J.: 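Could you have a look at this structure, given as structure tokens, before my questions?
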Amino acid sequence: MHYLDHAATTPVPQEVAQAMAGVLTNAFGNPSAQYTLGRQAKALVEDSRAVTAKALGCKPEQICFTSCGTEGDNWAIHAALHQNRRVGKHIVTTATEHSAVMQCVKQLEQAGYPVTWLKPDANGRITAQQAVDALREDTALVSIMLVNNETGVRYPVEEIAALLKGRPTLLHTDAVQGFMKVPFTAASLGADYITVSAHKIGGPKGIGALYIGGKAKNTKPMLYGGGQESGLRPGTEPTAQIAGFAKAIELRLERLEEIQRHMAACKTYALERLQTIPGLRVIGAGDAPHILSVSLPGYPSQNIVSELSEKEIYISAGSACHRGKISHVLRAMGLDKKTAAGTVRVSFGPETELSDIDALYDALLAHKTTRFPML
Ligand SMILES: Cc1ncc(COP(=O)(O)O)c(C=O)c1O
């Protein structure tokens, strides 16, 4: 198998699976229970919170566990609008956000919240100036992702944070694709809310975290119920998921720079090889080390993905969340239809080997030479 879709999700290392199995079978107590088994589970949750906080360079009490990145994004947006309800209803975001932000903001737009959608240039870049030019007296929230999940382009979150200083406008960043891939801390970004998700870094699916700091205060709870997560996100803690998330973070932290260098080397190698395929175009100025977007204009990506899948080579057609549709990111970048329809995303992780990329190269070249292009 050649798994080259680490931006969609990642394999779970043995150590992570073992940590989770240990919790499920032995340390299975309810963290709210007062006896030893419960207290052990509570300690495990708090240790995991400390590990997550260390990775984000913040205090443990600024971390709330969520069920996934999508939940963190939705919560941050609603919490910010609630806090700033007297400032106004205007939202600034980009036309290239993941659907976890985009669909949430679209719902709000339909409900009467005015939205400014920032458009990227042809390379997928968005500037801090665009965000600042969009600000109004009544801007309650700027939500801008850290790394785009389709192109790997890094957005200027820290510059925007600096330009928002002295204003009540709150800043949220969806850092699901940036977490442990590009260097940052909560302080260096300066965002008030930061969303991360475990399954993009070797953790299990179904667990994420939201950093709440900066100007965010009296946060509106995500759910109402018991007092878990300081009453902000109640529900019995998914202890195995939380322990798996922390273990995945620890494993990556141990070799963070080495892993980032490895992913960047894979990307450079892939670029060198794939660019020799006649007609292949590189899409976007991808900065993140783990995402490479390329197009074979005229060759529909759905066909490429299914043909490669028969050879157990796994890549994705644009974003894994937009199966079958031309991606809104590529459309916003102004790509012509043929190029957009032929775009595939290749993404790397610590497990990627150069032989995976060689297999991809051979398969793409074979696809190009044996298939007729779409007119
Ligand atoms: C940029 C970005 N944001 C949010 C999400 C959603 O995260 P989750 O799958 O944990 O809900 C993803 C997942 O693909 C993503 O890439």
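Keep in mind the model is a prediction, meaning the values are calculated, not measured. Both ligands and their constituent atoms are indexed starting at 1 by order of listing.
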J.: For atom 3 (N) of ligand 1, which of the options Asp174, Ile291, Asn74, Leu146 provides the nearest non-hydrogen atom?
T.: Asp174
J.: Please state which part of His199 comes within less than 4.0 Å of ligand 1, counting heavy atoms only: side chain, backbone, both or neither.
T.: side chain
J.: Any salt bridge between Lys311 and Asp362, counting N to O under 4.0 Å?
T.: no
J.: For the pair Lys215 (side chain) and Thr169 (backbone), establish whether a donor and an acceptor sit closer than 3.5 Å, ignoring hydrogens and angles.
T.: yes
J.: Looking at non-hydrogen atoms alone, which of Gln177, Glu97, Glu71, His98 comes nearest to atom 12 (C) of ligand 1?
T.: His98
J.: If you define the side chain from C-beta out and look only at heavy atoms, does anything of Thr94 sit under 4.5 Å from Tyr155?
T.: yes
J.: Measure Ser197 to ligand 1 on non-hydrogen atoms and call it side chain, backbone, both or neither using the 4.0 Å cut-off.
T.: side chain
J.: Considering only heavy atoms, which of Gly178, Gly206, Gly69, Ser99 lies nearest to atom 7 (O) of ligand 1?
T.: Gly69
J.: Show which atoms of ligand 1 fall inside a sub-4.0 Å distance from at least one heavy-atom site of Met145.
T.: 1 (C)
J.: Would you please name every residue forming a side-chain hydrogen bond (donor to acceptor under 3.5 Å, both in side chains) with Gln40, sequence neighbours left out?
T.: none
J.: Is there a heavy atom in Lys200 that sits closer than 4.0 Å to ligand 1?
T.: yes
J.: If I take atom CZ from residue Arg49 and atom CD from residue Gln62, how far apart are they, to the nearest 0.5 angstrom?
T.: 12.0 Å
J.: Is there a polar contact between ligand 1 and Asn149, counting only N or O atoms under 3.5 Å apart?
T.: no
J.: Starting at CD of Glu61, measure out to CD of Glu46 and round the result to the nearest 0.5 Å.
T.: 10.0 Å
J.: Please determine which of Asn74, Asp174, Asp73 meets the side-chain hydrogen bond (donor to acceptor under 3.5 Å, both in side chains) test together with Thr195.
T.: Asp73
J.: Is ligand 1 under 4.0 Å from a heavy atom in the side chain of Asp73, in the backbone, in both, or in neither?
T.: side chain
